[in-house]
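Notes for the one structure printed next.
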Amino acid sequence: MDDINVLHHRCLLNLRRRVRDIGDGRPAQERYMRLQKDGDTLSYQGNSEEVGCYVAGRPLSKGNCYFEVTIVDTGVRGTIAVGLVPKFYRLDHQPGWLPYSVAYHADNGKLYNGNPVGQQFGPKCARGDRIGCGIHSENIEAGITTVFFTKNGKEVGSVEVPVSAEGLFPAVGMHSMGEEVKVDLQAEWFLEEDDSMMMVDSHEDDWGRLYDVRVSGTLLEYVGKGKSIMDVGLAQARQPLTTRCHYYEVEIVDAGEKCYIALGLARRDYPKNRHPGWSRGSVAYHADDGKIFHGSGVGDAFGPRCFKGDIMGCGIMFPRDYILDGEGERKTAITVSLIKEVYVCAEPNQENSGAAVFFTRNGKLMGRREMVVPPGGLYPTVGMLSSGEKVKVDLHPLSG
């Protein structure tokens, strides 16, 4: 009996040590396959035919109910998934594909809830975006909980999912070369701050196209690589300039490494990897050299260079009879000429009916370019191309 008691006592001590080890902050056993882990960074190491998956060592709980993943690089296809899975989830499957798992997929914005067929859920995610995942309710013991997902701090949606006995573990899946993310298992997200977060992030709706640019309120931040001219970050407004909203401004908050910042106007289908002004259907004032680019990769001397704190503006003096209908089609136009900062309307010729696009720097007129307004109108477009660049945009400083 004494030997049995001693053995029992030793078992209790071992159990206490295990409980203490789990609660003292030591890393739990995480699992991953076809991924390289360097600190909080995960990068895909497969051949783009096989899934790579990471599963955290601890499940979400009342005290740690949320985590975030920042997309560093979307790689070839951007097939990055963020979600929750059972403890012993198969690492050759994307989160959300198998039962008791759920995930938000960046490449198509779909939600996968224990099924390889996804349902439309939210917007697609790109480089620089933060995807968050958490649990609203704390009744995991009941076998079901509400899982919610966020994009850049704003809630996208939620879904009720069943919970296995071990709980739900943070998971990240990747499926193409070059994909890389940073994982923050200690991230926080507060329901009581949701209203203010939504107020700040609501400006994202002002933008119809965002490539390698992150939006935070009125702030645009370049998140691209900035290594070649193909790494342009582009932000294009959702709505074109009109006679009621014909001007916008950009303040340079941070010039970054090179101040490769450009503001101008472009057609709706403008190439995403071209600075405004470089390709047809666009015109732009470039901060780094003070040149104007009008549908060409070669610029003309135009105004002074711009630096941190400078405010660059761009607008259109529309023809008097210009009308933009609900489809965005140009009805009539007359040529507008700028003479000593006064706009005088004149009848157009048959070959070139257009409008005057003008630019300002710190409230002073720099000059203008006559430009044909394409069907659909001209959209405010901002380009950036070097690390650290940040601008603050006001799409509606004037009206009338």
Is there a side-chain contact between Ser101 and Pro95 in this structure, where contact means two heavy atoms from C-beta onward sitting under 4.5 Å apart? no
Side-chain heavy atoms of Phe149 within contact of Ser158, under 4.5 Å: no
Assess whether side chain to side chain contact (heavy atoms under 4.5 Å, CB included) is satisfied between Val213 and Tyr211, documenting all intermediate values. CA-CA 5 Å; Val213 172; Tyr211 299 100; over 6 Å; no
List the atom pairs, donor and acceptor, that lie under 3.5 Å between side-chain atoms in residues 288-309 and the rest of the protein, sequence neighbours left out.
unit_1	atom_1	unit_2	atom_2	d
Asp289	OD1	Lys291	N	3.0
Ser296	OG	Val298	N	3.1
Arg305	NE	Asp288	O	2.9

Side chains of Leu42 and Glu180 in contact at under 4.5 Å (non-hydrogen atoms): no
Does any non-hydrogen side-chain atom of Thr218 lie less than 4.5 Å from one of Val393? no
Taking salt bridge (charged side-chain N to carboxylate O under 4.0 Å, His left out) as the definition, give me every residue that meets it alongside Asp231, ordered by chain and number, with sequence neighbours left out. none
Quick check: do Glu188 and Tyr66 have side-chain heavy atoms less than 4.5 Å from each other? no
Flag side-chain contact, heavy atom, 4.5 Å: Arg267 against Arg280: yes
Answer yes when Glu389 and Lys258 have at least one side-chain N-carboxylate O distance shorter than 4.0 Å, and no when they do not. no
In the structure I gave you, are the side-chain heavy atoms of Tyr247 and Glu249 within less than 4.5 Å of one another anywhere? yes
Ignoring hydrogens and angles, state whether a donor on the side chain of Tyr32 or Glu30 is under 3.5 Å from an acceptor on the partner side chain. no
Can you check side chain to side chain contact (heavy atoms under 4.5 Å, CB included) on Lys87 and Val55, steps first, answer last? CA-CA 7 Å; Lys87 183 176 183 178; Val55 179; over 6 Å; no
Under 6.0 Å between the ring centres of Phe121 and Tyr104? yes
Other residues, nucleotides, ligands: >12 heavy atoms within 6.0 Å of Asp38 CG: no
Contact check, side chains of Ile80 and Ile71, non-hydrogen atoms, under 4.5 Å: yes
Taking it one step at a time, do Thr41 and Val181 satisfy side chain to side chain contact (heavy atoms under 4.5 Å, CB included)? CA-CA 6 Å; Thr41 300; Val181 302; over 6 Å; no
Treat each ILVMFWY residue as a node, draw an edge where side-chain heavy atoms are under 4.5 Å apart, and state whether Ile252 and Met366 are in one component. yes
Give a yes-or-no answer on whether the side chains of Thr74 and Glu179 include a donor-acceptor pair shorter than 3.5 Å. no
Is Asp40 paired with Lys182 through a side-chain N to carboxylate O contact shorter than 4.0 Å? no
Evaluate Asp206 against Arg238 for salt bridge (charged side-chain N to carboxylate O under 4.0 Å, His left out), listing each step before the verdict. CA-CA 6 Å; Asp206 290 337; Arg238 188 175 299 276; over 6 Å; no
Verdict with supporting geometry, Arg361 and Asp310, side chain to side chain contact (heavy atoms under 4.5 Å, CB included): CA-CA 7 Å; Arg361 178 178 180 269; Asp310 284 333; 3.2 Å; yes
Below 3.5 Å, can you tabulate the donor-acceptor pairs from side chains in residues 109-118 to any protein atom, sequence neighbours excluded?
unit_1	atom_1	unit_2	atom_2	d
Tyr112	OH	Asn108	ND2	3.1
Asn115	OD1	Val117	N	2.9

